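Beneath this line is the structure, given in structure tokens, with notes to follow.
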There are 2 protein chains.
Amino acid sequence: MSEASGAQATAPKGRNTRQKRIVEQMLTGREDFVSAQELHQLIVDAGESVSLATVYRILQAQQQDGLVDVLRTADGEALYRKCADPGHHHHLVCRRCGAAEEVQAPTVEKWADRIAAEYGYTEIEHTIEVFGLCPRCSAAD
Amino acid sequence: MSEASGAQATAPKGRNTRQKRIVEQMLTGREDFVSAQELHQLIVDAGESVSLATVYRILQAQQQDGLVDVLRTADGEALYRKCADPGHHHHLVCRRCGAAEEVQAPTVEKWADRIAAEYGYTEIEHTIEVFGLCPRCSAAD
DNA sequence: CTACATGCAAAGAATTTGCAAATCA
DNA sequence: TGATTTGCAAATTCTTTGCATGTAG
């Protein structure tokens, strides 16, 4: 349930390779969610070269280490973003431009625990994402 | 917030075909989430015959008409279930057996609205799913 | 040196689509 | 009859994998 020691926010697990550095740098420079394909395109556009398969592999690894947040588009595409806050949180995502805020939801956490207990469910996990139009995109309408 | 007239729970939109009836019947008889592929297999197992493509087409249509709930597995697979409650609700899903409870989350709705307002987001939508092990599966451990 | 990382191309899985044949209204 | 639906197979999209080669440590 709880992490014992202070986890490194950006602790690379494997070797320190060029492609790993590029992907991480790309994610760091960006504050909205991107798909693996988009990220790969961004790398190419930046004049760098990392194969798509490798981008997938690195994102997968970072996901397992909890270094990136992952969410799924309505049509099943995975979107990634570097965690700003290593702790548990949710997102308020703009469905137009991809911008996102990390939000806390203490109320919701409690609700989930209560509901789960009520039905006798254990080993609870939850997915909570809020989509909308950010102020800028709302105004652009 | 509330539906004015009593909406038909199972109002078919297009023609009343054999395959549509089979798919609907299959969904009605089942109270947990199933993927399109599983549903197709269930149909085959029941000695009926509806092509996989058609199962996909029917589910897609029902989804648009709001007759089925859709959620996504962690690896992006779409799971479907006939809506028991036509109103807005969320799910408490067993990640082992697929059983699911429909739960109300007034607290959460308010939280989402509040958060959205706080950041100036408009046209809010949200996705909230709670996964865990149902009592039966918890016991089976 | 040598195990782990990468690239490439092929494999996979879920879902969609084109088109001719079957079928409901 | 005549427009929808279906079935089949091929096409798409996203993602993963096998294997030979490259490279960090």
Side-chain angles (χ1 to χ4, degrees), chain A residues 8 10-27 32-65 67-81 98 129, chain B residues 10-27 33-65 67-81 93 95 98 129:
Chain A
Q8 293 298 88
T10 315
K13 277 296 174 60
R15 290 179 178 174
N16 177 23
T17 66
R18 179 180 61 85
Q19 16 286 88
K20 221 169 276 184
R21 258 172 283 139
I22 294 179
V23 168
E24 277 163 30
Q25 180 187 135
M26 226 55 184
L27 282 173
D32 31 329
F33 283 87
V34 287
S35 66
Q37 315 249 5
E38 286 170 335
L39 188 57
H40 175 254
Q41 190 53 55
L42 287 171
I43 290 172
V44 171
D45 291 348
E48 299 286 357
S49 172
V50 178
S51 84
L52 180 57
T54 298
V55 170
Y56 272 108
R57 279 189 279 233
I58 293 177
L59 286 175
Q60 193 175 263
Q62 299 227 335
Q63 176 183 175
Q64 293 191 322
D65 296 341
L67 298 176
V68 297
D69 280 340
V70 187
L71 62 79
R72 297 233 167 223
T73 254
D75 56 291
E77 202 183 24
L79 301 184
Y80 302 85
R81 173 172 126 151
E129 304 296 346
Chain B
T10 316
K13 273 298 176 52
R15 288 180 176 174
N16 177 23
T17 67
R18 180 180 61 84
Q19 16 285 86
K20 220 169 279 184
R21 257 172 282 134
I22 292 178
V23 168
E24 277 164 29
Q25 179 188 136
M26 227 53 185
L27 281 174
F33 281 87
V34 286
S35 66
Q37 315 249 4
E38 286 170 335
L39 188 57
H40 175 252
Q41 190 52 55
L42 287 172
I43 290 171
V44 170
D45 291 348
E48 300 287 355
S49 172
V50 177
S51 84
L52 179 57
T54 298
V55 171
Y56 272 109
R57 281 188 280 233
I58 294 176
L59 286 176
Q60 191 175 264
Q62 299 226 335
Q63 175 183 175
Q64 293 191 321
D65 297 342
L67 298 176
V68 298
D69 280 341
V70 187
L71 63 79
R72 297 239 166 217
T73 254
D75 56 289
E77 202 185 25
L79 300 184
Y80 302 85
R81 175 171 124 154
V93 186
R95 82 174 128 256
E129 306 295 349

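In what follows, chains are A, B, ... by sequence order, proteins preceding strands, each numbered from 1. These figures come from a predicted structure and were not determined experimentally.
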For A:Thr54 and B:Ala36, take the nucleotide of DNA chain C holding the closest heavy atom to each; which residue's nucleotide lies nearer the 5' end? A:Thr54
Global bending angle along the helix from C:dC1-D:dG25 to C:dA25-D:dT1, which compares the axes of five pairs at either end, to 10 degrees: 30°
Between P of C:dA13 and CZ of B:Arg72, the distance in whole Å: 18 Å
Heavy-atom closest pair (A:Asn16 atom, A:Arg21 atom, distance to 0.1 Å) is OD1-NE, 3.1 Å
Can you list the steps and then say if A:Arg72 with A:Glu129 is a side-chain contact (heavy atoms from CB on, under 4.5 Å)? CA-CA 10 Å; A:Arg72 297 233 167 223; A:Glu129 304 296 346; over 6 Å; no
A:His40 NE2 to D:dT13 P: how many Å, rounded? 17 Å
Identify the heavy atoms of A:Val68 and A:Leu59 that sit nearest to each other, and give their distance. CG2-O, 4.1 Å
Atom pair distance, as rounded to whole Å: CD1 in A:Ile58 and P in D:dT16: 14 Å
Using whole Å, what does the distance between atom P of nucleotide C:dA13 and atom CD of B:Gln37 come to? 10 Å
So, for B:Ala36 and B:Tyr56, which heavy atoms are closest and what is the spacing to 0.1 Å? CB-CE2, 3.5 Å
Roughly how many Å is it from CD in A:Gln41 to P in D:dT15, rounded to a whole number? 15 Å
Nearest-Å distance for atom pair CD/P, residues A:Gln64 and D:dT16: 10 Å
What one should report as the nearest heavy-atom pair of A:Met26 and A:Ala46 is CE-CB, 3.8 Å
Could I get the full list of side chain to side chain contact (heavy atoms under 4.5 Å, CB included) partners for A:Thr17, not counting sequence neighbours? A:Arg15, A:Gln19, A:Lys20
So which heavy atom on B:Ser49 is nearest to which on B:Ile43, and how close? N-CG2, 4.2 Å
Rounded to whole Å, how long is the line connecting atom CD of A:Glu77 with atom P of D:dT16? 12 Å
For the pair B:His40 (side chain) and B:Ser51 (backbone), establish whether a donor and an acceptor sit closer than 3.5 Å, ignoring hydrogens and angles. no
Base versus backbone protein contacts along nucleotides 16-25 of chain C [heavy-atom cut-off under 4.0 Å; B, S, -]: BBB-----BS
Mind listing the closest non-hydrogen atom pair of B:Phe33 and B:Glu38 along with its distance? O-OE1, 4.3 Å
